[in-house]
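Contents: one structure, followed by commentary.
In what follows, chains carry the letters A, B, and so on, assigned in the order in which the sequence lines appear, proteins first and then strands, with residues in each chain numbered from 1.
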Amino acid sequence: MPSKKNATAIDKPKKDYTFFENVWAVARLIPKGRVTSYGAIAKYLGGSPRVVGYAMNGCGDVKPKVPAHRVLNRNGLLTGRHHFNPPELMQQLLEKEKIKVEKDQVVDFKRLFWDPATEL
DNA sequence: GTATTGACCGTAG
DNA sequence: TCTACGGCCAATA
């Protein structure tokens, strides 16, 4: 598909959010009951973790909805939970996928970790 | 156009 | 073990 990458996000774009769409795409590829980290996605896309986090900042405006709750930091900590609405939603969604969360941290994160660079 | 910030990561002290 | 610093890319002020 030629033309028009269009980013449906942040509905005032006029710009190619290609990288953002990539991040969202990978986020949607995360299997249910699994989690990954910003750095893993960044590495897979060849970018920096900060941009991945920034991309997630607009995940609420993106459709279909992006499972940002499956994306955590390297420690498996729910650092971005304050960006959700409500903030507790993130943990709720994780528990809904049979993922145990304790003190804003995913239990057995190492075991549930899903690395795009490895799995893809 | 420059400076600061951001849901981060890795290494050094 | 814990704290401090730099690097990475893009958006915002």
Side-chain angles (χ1 to χ4, degrees):
Chain A
M1 44 161 232
S3 59
K4 223 125 222 229
K5 294 173 179 187
N6 174 26
T8 8
I10 316 177
D11 63 30
K12 66 169 3 174
K14 242 172 221 162
K15 197 173 159 130
D16 291 331
Y17 284 84
T18 310
F19 197 87
F20 281 40
E21 286 190 353
N22 261 331
V23 175
W24 300 327
V26 174
R28 291 196 211 98
L29 290 175
I30 302 172
K32 184 178 173 224
R34 294 286 168 128
V35 290
T36 189
S37 63
Y38 302 93
I41 297 174
K43 184 180 180 182
Y44 177 71
L45 296 177
S48 69
R50 296 227 117 149
V51 180
V52 176
Y54 211 94
M56 286 297 168
N57 191 11
C59 70
D61 299 312
V62 180
K63 280 103 171 180
K65 197 179 176 198
V66 180
H69 58 275
R70 293 181 191 157
V71 184
L72 317 168
N73 69 344
R74 201 55 178 170
N75 285 317
L77 197 68
L78 283 59
T79 51
R81 71 184 253 142
H82 291 287
H83 293 262
F84 276 79
N85 189 42
E88 11 187 276
L89 178 64
M90 188 171 186
Q91 184 172 337
Q92 291 293 322
L93 290 171
L94 287 172
E95 289 181 347
K96 194 174 182 182
E97 306 207 352
K98 308 298 185 285
I99 299 175
K100 295 172 186 166
V101 180
E102 194 168 306
K103 294 178 180 57
D104 297 356
Q105 188 172 358
V106 174
V107 180
D108 292 330
F109 167 73
K110 184 176 175 184
R111 192 178 62 159
L112 296 173
F113 185 77
W114 180 84
D115 189 347
T118 303
E119 302 295 331
L120 302 180

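Straight-line distance between the C1' atoms of C:dT3 and B:dA7: roughly 22 Å, to the nearest whole Å.
Taken residue by residue, residues 71-80 of chain A places heavy atoms nearer than 4.0 Å to DNA chain B at A:Asn73, A:Arg74, A:Thr79, A:Gly80. Contacts between residues 28-54 of chain A and DNA chain C, defined by a heavy-atom separation under 4.0 Å, are made by A:Ser48, A:Arg50, A:Val51, A:Tyr54. Only at 4.0 angstrom or more do the heavy atoms of residues 101-120 of chain A sit from any atom of DNA chain B, so none qualifies.
Residues meeting the side chain to side chain contact (heavy atoms under 4.5 Å, CB included) test with A:Val26, sequence neighbours left out: A:Ile41, A:Tyr44, A:Leu45, A:Trp114, A:Pro116. Taking the ring pair (Phe, Tyr, Trp, His ring centres under 6.0 Å) definition, one finds that A:Phe113 meets it with A:Phe109, sequence neighbours left out. Here A:Arg50 pairs with nothing under the side-chain hydrogen bond (donor to acceptor under 3.5 Å, both in side chains) rule; sequence neighbours left out. Residues forming a side-chain hydrogen bond (donor to acceptor under 3.5 Å, both in side chains) with A:Thr36 (at least two apart in sequence, or on another chain): none. Looking at residues two or more places apart in sequence or on another chain, you find a side-chain hydrogen bond (donor to acceptor under 3.5 Å, both in side chains) between A:Glu95 and A:Gln91. In this structure, the side chain to side chain contact (heavy atoms under 4.5 Å, CB included) partners of A:Glu97, at least two apart in sequence or on a different chain, are A:Lys32, A:His69, A:Arg70, A:Ile99.
For the pair A:Leu94 and A:Leu78, the minimum side-chain heavy-atom distance is below 4.5 Å. Within the 4.5 Å cutoff, the side chain of A:Val35 has no heavy atoms near those of the A:Ile30 side chain. Contact of the A:Met90 side chain with the A:Leu72 side chain is registered, since non-hydrogen atoms from C-beta on lie closer than 4.5 Å.
In this structure, CG of A:Asn22 is placed 12 Å from P of C:dA10, rounded to the nearest angstrom. Rounded to whole angstrom, the span from the CG atom of A:Asn57 across to the C1' atom of C:dA10 amounts to 12 Å.
Applying the under-4.5 Å side-chain rule to Ile, Leu, Val, Met, Phe, Trp and Tyr, the cluster around A:Leu77 consists of that residue alone.
Counting 5' to 3', DNA chain B first comes under 4.0 angstrom of a heavy atom of chain A and last does so at the ends given by B:dG6 to B:dG10.
Residue A:Ala68 is classed as a base contact, given a heavy-atom separation below 4.0 Å to a base.
Here the closest heavy-atom approach between residue A:Ala42 and residue A:Ser48 is recorded as CB-C, 3.5 Å.
Atom-to-atom distance recorded for A:Ser37:OG and A:Asn75:CG is 10.0 Å, nearest 0.5 angstrom.
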Exercise answer: donor-acceptor pairs, residues 80-89 of chain A side-chain atoms, under 3.5 Å, sequence neighbours excluded:
{"unit_1": "A:Arg81", "atom_1": "NH1", "unit_2": "A:Asp104", "atom_2": "OD1", "d": "2.5"}
{"unit_1": "A:Arg81", "atom_1": "NH1", "unit_2": "A:Asp104", "atom_2": "OD2", "d": "3.4"}

